[in-house]
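Report on the following structure.
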Amino acid sequence: MKYFLLHTDPQYTTAPDLLDWRDKIDPRYIRKGRSYRLPQRELLLIRENPDTVFTDVLSFPFFLVTQLGKDVICLYEPKTIFKEMVLLDRANQAAEVYHLPILDAVDCLSDQSEWNADRSVLRRGVLRAEKLGKQALFFLDGSKNTYVAARLDLVESLLKRGARGIGLTPLEIVTESLECRQEEQHGQ
């Protein structure tokens, strides 16, 4: 099965830009077992912009989806917990309801993955097949930033429903035996 990093398409330069969110949402609590510390519903202000495009996926400062995204996630991960986030541009009287999914963090990144110096930017994502399980959507564990991996069938479902503003970065997959053989070859 193929996997992708799911994020906001960088071509959507007018996607919502959240303001003062740190006072309301602590990213450490966007995890199973900790999400009870987050409010069930929160109002978040966005930068004033008459041209804001409410994309179906927002990846910064944390992963958010519209109702369409929530509906698709529920098809593939029906036990997902969501927190509701209302994004508001007061000056332009624009608002949209987003949903914050509480996903599993899966430690599946191979040593072959490539990072910047402080491990905040994943330059090349390589997943270990044996660690993936059956999850269709999950956080990649082991980074300072939030990376969301999505299985191909979930991604296709989003795209077939006309989701907009979806950015996809392919992830590579290796099996442990292949990874071990490659490490042995590099060591010789």
Side-chain angles (χ1 to χ4, degrees), residues 1-12 15 27 29-35 54-83 85 98-116 119-187:
M1 184 57 70
K2 292 183 179 181
Y3 288 85
F4 298 86
L5 288 179
L6 184 57
H7 51 83
T8 310
D9 184 337
Q11 293 182 6
Y12 282 80
Y29 301 145
I30 307 173
R31 295 285 186 266
K32 287 189 176 179
R34 298 184 201 163
S35 65
F54 290 98
T55 57
D56 286 300
V57 168
L58 290 177
S59 50
F60 183 82
F62 34 81
F63 188 71
L64 294 170
V65 294
T66 59
Q67 186 64 45
L68 182 143
K70 179 182 178 186
D71 292 345
V72 170
I73 292 170
C74 287
L75 291 173
Y76 292 87
E77 297 289 345
K79 294 180 180 179
T80 303
I81 296 167
F82 292 90
K83 304 291 183 168
M85 303 288 149
Y98 277 82
H99 304 276
L100 173 66
I102 308 302
L103 305 172
D104 283 324
V106 178
D107 183 14
C108 61
L109 284 167
S110 162
D111 291 340
Q112 295 177 37
S113 296
E114 296 173 9
W115 298 88
N116 69 340
R119 290 186 65 91
S120 62
V121 177
L122 181 62
R123 293 187 177 139
R124 177 176 159 245
V126 181
L127 308 180
R128 295 179 293 168
E130 61 281 351
K131 299 286 187 175
L132 292 175
K134 296 181 180 182
Q135 292 159 309
L137 190 72
F138 52 90
F139 293 125
L140 292 178
D141 202 15
S143 171
K144 290 183 178 183
N145 289 327
T146 301
Y147 288 100
V148 175
R151 205 172 56 206
L152 177 62
D153 51 348
L154 184 144
V155 168
E156 287 176 335
S157 190
L158 281 169
L159 296 174
K160 285 178 184 175
R161 287 168 173 76
R164 76 175 160 174
I166 304 264
L168 299 170
T169 303
L171 293 164
E172 299 172 43
I173 298 177
V174 294
T175 60
E176 191 172 289
S177 59
L178 178 61
E179 189 175 18
C180 290
R181 273 189 260 135
Q182 288 176 343
E183 287 174 9
E184 288 171 6
Q185 289 173 354
H186 290 303

Do you know the tightest heavy-atom contact between [X] and [Y]?
X	Y	result
Tyr147	Leu122	OH-N, 2.8 Å
Pro78	Leu75	CD-O, 4.4 Å
Thr8	Ser59	OG1-N, 2.9 Å
Val72	Leu154	CG1-O, 3.9 Å
Ser120	Ser143	O-OG, 4.2 Å
His99	Gln67	NE2-OE1, 3.1 Å

Rounded to the nearest 0.5 Å, what's the gap from [atom1] on [X] to [atom2] on [Y]? Could you check?
X	Y	atom1	atom2	answer
Asp56	Leu159	CG	CG	10.0 Å
Arg128	Gln112	CZ	CD	10.5 Å
Lys2	Glu156	NZ	CD	9.5 Å

Within a strict 4.5 Å, meaning less than it, do heavy atoms of the [X] and [Y] side chains meet?
X	Y	result
Leu109	Trp115	yes
Tyr3	Leu152	no
Leu127	Leu140	yes
Asn145	Phe60	no
Val57	Val65	yes
Leu158	Leu6	yes
Leu132	Phe138	yes
Val126	Glu114	no

Over 12 non-hydrogen atoms of neighbours within 6.0 angstrom of NZ in Lys32:
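Check passes, neighbour count above 12.
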[X] side chain to [Y] main-chain N or O, any donor-acceptor pair under 3.5 Å?
X	Y	value
Asp104	Val106	no
Lys83	Ile30	no
Arg161	Gly69	no

Distance-only check: which donor-acceptor pairs under 3.5 Å involve side-chain atoms of residues 163-174, not counting sequence neighbours?
{"residue": "Thr169", "atom": "OG1", "partner": "His7", "partner atom": "NE2", "Å": "2.9"}
{"residue": "Glu172", "atom": "OE1", "partner": "Arg124", "partner atom": "NH2", "Å": "3.0"}
{"residue": "Glu172", "atom": "OE2", "partner": "Arg124", "partner atom": "NE", "Å": "2.7"}

For side-chain contact (heavy atoms from CB on, under 4.5 Å), just list the numbers for Thr66 and Tyr98, CA-CA rounded to whole Å, side-chain angles, deciding distance to a tenth of an Å, and then say yes or no.
CA-CA 5 Å; Thr66 59; Tyr98 277 82; 3.6 Å; yes
